[in-house]
Amino acid sequence: AWTPGWSVFCLVLLTVALGAQALTPSHHLSLSDVDRLKGLLSQPFTDLASAYYSIVGLSKLGASVADENDACQFLKAQLDPMSVDSLFFAAEASQAIADCEVSIFNETRDILLAAVSEDSTVTQIFRAVSALSSLGLPLASQEVVAALVARIAKEDNVLAITTALQTATRLSQQAELGGILEEIEDLAARLDDLGGVYLQFEEGLEATALFVTAAYTLSDHADTEPPLKEDQVIQLVNSVFSKKSWDSRSEAFSVACAAAALSSNRFHVPVIVSTQGPATVSHSQPILHLLVTDILSNPLASANLLVESAQAVASKSVVLSQAPFSLRNGIFELNFMASQPASGYYQFTVAVTGDSRLVANQVELKVKVSTEVAVTNMDLSVVDKDQSIGTKTSRVDYPFKAKGSFTADSHQNFAMNFQLVDANTGVELTPHQTFVRFHNQKTGQEVVFVAEPDSKNLYKFELDTAERKSEFDSMSGTYVLHLIVGDATLENPILWNVADVVLKFLDEEAPAAIQSKTLYMPKPDIQHLFREPEKKPPTVVSNTFTALVLSPFLLLLILWFKLGANISNFSLSPSSVLFHVGHACMLGLMYVYWTHLNMFQTLKYLAIIGSLTFLAGNRMLAQKAVKRYGQSSTLTFFTRSTCEN
Amino acid sequence: MSNSVISVISRFLEEYTTKTSNKLKVVDAYLFYILLTGALQFLYCLLVGTFPFNSFLAGFISCVGAFILGVCLRIQINPDNKGDFLTISQERAFADFLLAHTVLHLVVINFIG
């Protein structure tokens with residue numbers, strides 16, 4: 001079902017599709033580029049091939065070699081009548097020079113006709129056919145077509161097929177060129193699309209340029225429109241003419257041929273619309289100048305330029321529609337200021353008409369309308385914060401400075417009101433940059449604020465002295481006040497010294513100015529503060545407590561003495577001596593550990609001493625145990641024996 | 001109330017001086033010494049401050065450890081407890097005491113700084 005939604009969708013899709021196709025050439029040959037190309041081709045030539053490129057190339061550009069007679073003599077002298085290539089170069093070049101005839105022999109025709117066969121390369125066939133045609137010798141077109149078709153099947157590369165196309169342009173129009181014409185489309189399919197902007201063969205610029213030349217020359221010859229879409233033509237133009245300095249004569253020749261083919265064929269002529277100078281109009285220069293040329297920067301003979309629509313970028317309103325340009329001295333002119341546009345940017349859509357061959361004839365341009373600004377109704381006042389005292393307003397006219405200075409302290413605000421209008425139309429403007437600058441001449445301080453318009457496009461600026469003191473570093477003094485107005489569409493940016501303002505701040509910091517000056521000087525050294533050791537108690541206290549802590553040992557000895565502990569049972573057996581010595585050593589090792597050793601060394605020594613002590617101790621204790629059991633067993637025996645009794 | 005406390009204490013002291021063997025009293029004296037040393041160290045810490053804290057800890061833990069080991073020794077060599085320690089002779093108890101003390105001293109000296 002055909003709903004309204006569907007139709008809208010289709011319309012949108014169509015618009016998008018059409019919009020996507022509006023491609024215009026981004027490269028072409030300007031007049032200086034054409035001169036450079038001619039310069040490269042005019043370099044002196046040393047052999048027939050370079051002579052051919054130069055002479056024929058220059059003729060395509062509508063120029064000629066410096067000395068034509070000399071060139072003709074050169075061709076005649078260098079000609080080798082036995083070589084097909086030599087005959088080709090000489091014949092073609094002599095055709096381009098007026099009154100230059102290359103002499104031919106009877107054998108020439110035979111040599112050239114012999115080259116036209118299935119066994120020669122396409123290049124050979126092309127050169128033979130071209131030479132035959134330039135020298136005015138008869139040739140059988142159908143045979144050539146057959147040979148070409150056979151060769152295309154064998155040599156299936158871009159250059160070969162292009163050369164075949166070129167060959168076909170020299171044949172009679174009655175011949176069957178349909179098959180060869182189809183090759184144009186097949187070749188076009190082999191082009192590489194780069195970003196939708198360039199279309200070229202991977203073989204390079206020369207191959208692309210030669211293809212363009214061949215396609216259009218053959219199409220003209222066969223009177224059939226080439227199967228290239230408008231977008232493809234523009235992309236080919238971009239590829240061929242993006243390079244502005246050429247490596248070799250043959251490359252320059254190919255570009256010259258392509259340029260000639262694209263500017264004067266019967267089907268597609270790409271048109272270039274460019275501005276003369278910057279695209280700006282103003283009251284002093286109300287006329288927009290546009291140039292309409294072909295890709296060789298030659299003005300188009302029959303073209304009409306029309307503004308389809310001029311739309312303001314900011315407001316999207318259409319200012320102009322369907323207005324024609326007038327042609328004067330080859331330049332198209334339009335008085336845009338007659339439509340009284342407001343200042344700003346405008347998107348122009350222009351169309352070139354008058355020739356059905358024109359390609360890319362709808363161009364989008366951005367035009368700037370600039371104007372002059374005037375500052376009006378500039379009122380300066382000092383307002384008391386609590387509004388109790390009436391404001392004192394003075395009006396200042398541009399470009400004069402206010403007579404007295406204005407003083408504002410922390411209880412007051414300094415205010416500035418003004419309007420910015422278009423000097424020519426009186427319309428209110430809101431430029432991009434409206435700054436209020438305070439400059440302290442003594443300290444070099446500069447503070448900049450932005451003045452903003454209110455809803456009625458009246459600019460207001462208010463300085464709250466107390467609130468803004470940090471930006472001024474609380475430096476009281478006289479500040480010179482400037483108003484700065486600027487915008488891309490203004491021809492007269494304004495820097496206006498409006499008045500002097502004396503600001504008084506509380507808490508003045510005199511070193512503030514010095515601070516900013518010393519910002520980049522070396523700072524004072526920072527001394528590293530090591531961690532301070534903790535406070536220790538006085539030595540007297542420590543010593544007292546040491547004595548106190550050791551005193552219980554004395555008490556222990558006294559207690560033991562009182563209890564009657566003694567070492568009378570000390571047996572002087574070697575194991576017990578060794579044990580006690582070893583044990584003493586272990587205790588000594590503890591002290592040494594505290595003072596000198598680390599854990600690993602201590603453990604090492606401890607292992608040695610410890611094992612000795614253990615063995616000795618074990619033996620000693622065993623002996624003691626035996627003695628003790630012996631005693632107790634005798635006692636038991638004695639008791640039992642007495643009991644039995 | 002205080003009367004009964006005093007009578008309990010005096011009874012305990014009487015029993016202690018008469019019933020406990022000399023060997024155990026020797027060990028008890030040693031334990032008392034350790035206790036005093038530990039208490040004095042703690043007093044110093046309270047009065048003067050904890051600097052150096054690691055040394056205080058080492059000393060105090062040494063006293064505590066030694067006290068515990070002494071108590072273990074006393075328990076093990078008390079003939080009244082023989083039934084609980086059938087496999088451990090007095091010599092063995094003493095040997096254990098010495099070994100444990102070696103380890104304690106190693107740790108304490110390491111920590112004393």
Side-chain angles (χ1 to χ4, degrees), chain A residues 533-538 540-542 544-566 579 582-583 586-587 589-595 597-599 602-603 605-607 609-610 613-614 617-629 632, chain B residues 17 20-53 55-56 58-60 62-63 70 77 79 88-99 101-113:
Chain A
E534 288 190 32
K535 247 175 16 128
K536 284 201 273 215
V540 179
V541 177
S542 315
T544 317
F545 268 95
T546 312
L548 207 62
V549 162
L550 290 174
S551 61
F553 188 64
L554 213 68
L555 181 67
L556 179 70
L557 289 174
I558 293 168
L559 278 172
W560 275 354
F561 180 70
K562 273 188 78 178
L563 284 168
N566 52 42
F579 164 76
H583 194 231
M586 269 164 51
L587 293 174
L589 179 67
M590 290 297 137
Y591 176 76
V592 175
Y593 174 33
W594 183 36
T595 49
L597 302 173
N598 62 39
M599 179 64 100
T602 314
L603 283 177
Y605 295 133
L606 195 67
I609 303 173
T613 314
F614 171 74
N618 197 22
R619 220 180 128 94
M620 180 196 80
L621 286 172
Q623 286 171 350
K624 267 218 150 52
V626 164
K627 215 165 41 171
R628 194 165 56 85
Y629 279 128
S632 63
Chain B
T17 41
T20 335
S21 69
N22 245 10
K23 214 190 315 189
L24 290 178
K25 279 191 190 159
V26 165
V27 178
D28 286 339
Y30 168 73
L31 290 175
F32 182 63
Y33 151 69
I34 296 284
L35 185 77
L36 271 185
T37 314
L40 282 170
Q41 283 186 31
F42 193 67
L43 184 72
Y44 170 85
C45 176
L46 284 179
L47 288 179
V48 185
T50 59
F51 180 80
F53 194 54
S55 308
F56 159 70
F60 191 69
S62 158
C63 291
I77 62 173
I88 300 173
S89 64
Q90 297 199 353
E91 285 72 25
R92 171 72 193 275
F94 185 64
D96 285 346
F97 174 79
L98 284 180
L99 181 69
H101 259 290
T102 309
V103 175
L104 178 70
H105 285 150
L106 201 65
V107 170
V108 162
I109 297 292
N110 186 34
F111 201 55
I112 206 162

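Note that the structure is a prediction, hence the values are computed from the model and not measured. So you know, we letter chains A, B, ... as the sequences are listed, proteins then strands, and number each from 1.
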Inset, instruction - Under 4.5 Å heavy-atom distance to chain A, tell me which part of B/L99 shows up: side chain, backbone, both or neither. - result: neither

Inset, instruction - Describe, in one word, how the ring planes of B/Y30 and A/W560 are oriented to each other, choosing from parallel (under 30°), tilted (30 to 60°) and perpendicular (over 60°). - result: parallel

What distance separates [X] [atom1] from [Y] [atom2], expressed to the nearest 0.5 Å?
{"X": "B/H101", "Y": "A/M586", "atom1": "NE2", "atom2": "CE", "value": "11.5 Å"}
{"X": "A/L563", "Y": "B/K23", "atom1": "CG", "atom2": "NZ", "value": "14.0 Å"}
{"X": "A/L556", "Y": "B/L31", "atom1": "CG", "atom2": "CG", "value": "10.0 Å"}

Below 4.5 Å from any heavy atom of chain B, which atoms of [X] appear? Answer side chain, backbone, both or neither.
{"X": "A/F545", "value": "side chain"}
{"X": "A/F579", "value": "side chain"}
{"X": "A/F553", "value": "both"}
{"X": "A/L606", "value": "side chain"}

Legend entry - Chi angles and distances behind the side-chain contact (heavy atoms from CB on, under 4.5 Å) call for A/T613, B/L98: CA-CA 11 Å; A/T613 314; B/L98 284 180; over 6 Å; no

Inset, instruction - Going by the side-chain contact (heavy atoms from CB on, under 4.5 Å) test, name the single residue among B/I34, B/L36, B/L35 that passes it with A/P552. - result: B/L36

Inset, instruction - Give the C-alpha distance, both sets of side-chain angles, the deciding distance and a yes or no for side-chain contact (heavy atoms from CB on, under 4.5 Å) between B/F94 and A/L621. - result: CA-CA 9 Å; B/F94 185 64; A/L621 286 172; 4.1 Å; yes

Legend entry - Largest heavy-atom contact set with chain A, pairs under 4.5 Å, which of B/N22, B/T37, B/V26: B/V26

Legend entry - CA sep, side-chain torsions, deciding dist, call: A/M590, B/V108, side-chain contact (heavy atoms from CB on, under 4.5 Å): CA-CA 9 Å; A/M590 290 297 137; B/V108 162; over 6 Å; no

Inset, instruction - Could you check if a side-chain atom of A/V549 sits within less than 4.5 angstrom of a side-chain atom of B/Y44, using non-hydrogen atoms only? - result: no

Legend entry - Min side-chain heavy-atom separation B/I109-A/T602 under 4.5 Å: no

Inset, instruction - List the steps and the verdict of side-chain contact (heavy atoms from CB on, under 4.5 Å) for B/L106 and A/L603. - result: CA-CA 9 Å; B/L106 201 65; A/L603 283 177; 3.6 Å; yes

